[in-house]
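Comments concern the structure below.
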Amino acid sequence: MDRLAIVVPCYNEEEVLKLASKALRDVLEDLVQKGKVAEDSFILFVNDGSRDRTWELIEEEHAAYPVRVQGVKLAGNVGHQFALTAGLVTAKDMSDVTISIDADLQDDVDVIEEMVDKFHAGNDIVYGVRKERRTDTFFKRTSAQAFYKLMHLMGVKTVYNHADFRLMSRRAVEEFSKYKETNLFLRGMMPLIGYRTDSVYYDRKERAAGESKYPLKKMLALAFNGISSFSVKPISLILSLGLFVIFISVIMLIYALFSYFSGHVVAGWTSLIVSVWFLGGLQLLAIGMVGLYIGKIYMEVKQRPRYNIEKILSGEELPSGQDGSTRGEDR
Ligand code: UDP
Ligand code: MG
């Protein structure tokens, strides 16, 4: 039977913590009853340097439910993406499968069962995808949509309308932990892992209590980080712009010569205007060229895994953990 860990990053969540704990414990109890997850499945709360009573509440819950509720206390606030990563990496050594969910119960805990079913059906990653954004404000909805469009345009593969509510098998988290980059954008990284994936759909609710910890400033930072961590397209745009301006300079050359010979110009204008366009284009082109190399260096320093072997068919015994059989035989 697979041991499930539900990883919950928490930053100043004293208002919802007990609610979240209760809701998730109920889900776990139900799954255990139905024999879908192991008896000792648990919730792992990650306290992301909260300044309120969040950690005390986690300790209380752990004291009351020593098996069901576990906690990790980070030394300071590192932000949602890092807190979640800390939780997943900690949980992977204690469990066979993880589910990450926000503390505010905006994501529907009732689809967790469906996620687990899809895991048992052989999927390594199951994405929680929002059906619609009825509860979001008009602004949040349109800005989010623009964000996904822009990401797509920049060539970053993401799952549309999926945030960080997702199931991951142990081997998926293990593969993920090989990504050593510090600019984390989890949603963009998961599709790089590979393996079979699936999605479950749900309606996103209002926050159960408390306020959003993602003000516009943090949202924009996340969006910018997402693009700049996964795409060097902005650099190649400079290169294309340089080529385009050089092309314009040729047109300007023809136009300027034409004006010159028809005698309508002030002395010196022709050579000046042609040089301005040509030099401008040349500079952009040069910056773009330098940028291409920087883009390559950027991709190199990330040292991302280049591939992920799922299975090998050969006569020899493979050391355990390398043949995809780490998930237990009883499934
Ligand atoms: N969070 C965190 N560290 C932070 C900010 C947020 O761990 O610095 C957690 C927060 O407690 C919540 C999740 O990240 O569980 C998502 O935050 P929130 O619900 O405020 O974002 P929103 O749903 O408004 O985008
Ligand atoms: Mg939220």
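Atoms considered below: every heavy atom in the structure, side chains included; atoms not considered: hydrogens, waters and symmetry mates. Just follow the structure's listing: the first ligand is 1, and inside any ligand the first atom is 1.
Between the side chains of E61 and S21, a donor-acceptor pair is found at a separation under 3.5 Å.
Contacts with ligand 1 closer than 4.0 Å are made by no heavy atom of Q81, backbone or side chain. When heavy-atom distances to ligand 1 are checked against a 4.0 Å cut-off, N77 comes that close only through its side chain, counted from C-beta outward.
Under the 4.5 Å side-chain heavy-atom criterion for Ile, Leu, Val, Met, Phe, Trp and Tyr, L222 and M151 are members of the same hydrophobic cluster. If you chain together hydrophobic residues whose side chains sit under 4.5 Å apart, I58 and L105 fall into the same group.
Nearest non-hydrogen protein atom to atom 25 (O) of ligand 1 is K140 NZ, 3.4 Å. Considering only non-hydrogen protein atoms, atom 19 (O) of ligand 1 sits nearest to D104 OD2, 2.5 Å. Atom 11 (O) of ligand 1 has as its closest protein heavy atom E13 OE2, 2.6 Å. Summary of contacts: the protein heavy atom closest to atom 22 (P) of ligand 1 is S212 OG, 3.7 Å. The nearest protein atom to atom 18 (P) of ligand 1, hydrogens excluded, is given as R207 NH2, 3.5 Å; this is a heavy-atom distance. Counting only heavy atoms of the protein, atom 1 (N) of ligand 1 lies nearest to Y11 CB, 3.7 Å. Among protein heavy atoms, the minimum distance from atom 20 (O) of ligand 1 is reached at K213 N, 2.4 Å. For atom 14 (O) of ligand 1, the closest non-hydrogen atom of the protein is H80 CD2, 3.2 Å.
Using a cutoff of 4.0 Å between basic side-chain nitrogens and carboxylate oxygens, E175 and K178 are scored as salt-bridged. Using a 4.0 Å cut-off between charged side-chain N and carboxylate O, E14 and R53 make no salt bridge. Here R3 does not pair with D96 in a salt bridge; the nearest charged N to carboxylate O distance is not below 4.0 Å.
For the pair R170 and F119, the cation-pi criterion (under 6.0 Å, within 45° of the ring axis) is not fulfilled.
Within 6.0 Å of NZ on K157 lie no more than 12 heavy atoms contributed by other residues, nucleotides or ligands.
In this structure, Y201 and R130 have side chains that are not in contact, with every pair of non-hydrogen atoms separated by 4.5 Å or more.
Within the listing of ligand 1, atoms 7 (O), 9 (C), 10 (C), 11 (O), 12 (C), 15 (O) sit less than 4.0 angstrom from a heavy atom of P9. Near A103, meaning under 4.0 Å from any of its heavy atoms, are these atoms of ligand 1: 15 (O). Near K218, meaning under 4.0 Å from one of its heavy atoms, ligand 1 places the atoms 5 (C), 8 (O).
Residue D48 holds the heavy atom nearest to atom 3 (N) of ligand 1 of all those in D48, D102, D107.
The atom of D104 nearest to the Mg ion (ligand 2) is OD2, with the search restricted to N, O or S atoms.
The aromatic ring centroids of Y202 and F165 lie less than 6.0 Å from each other.
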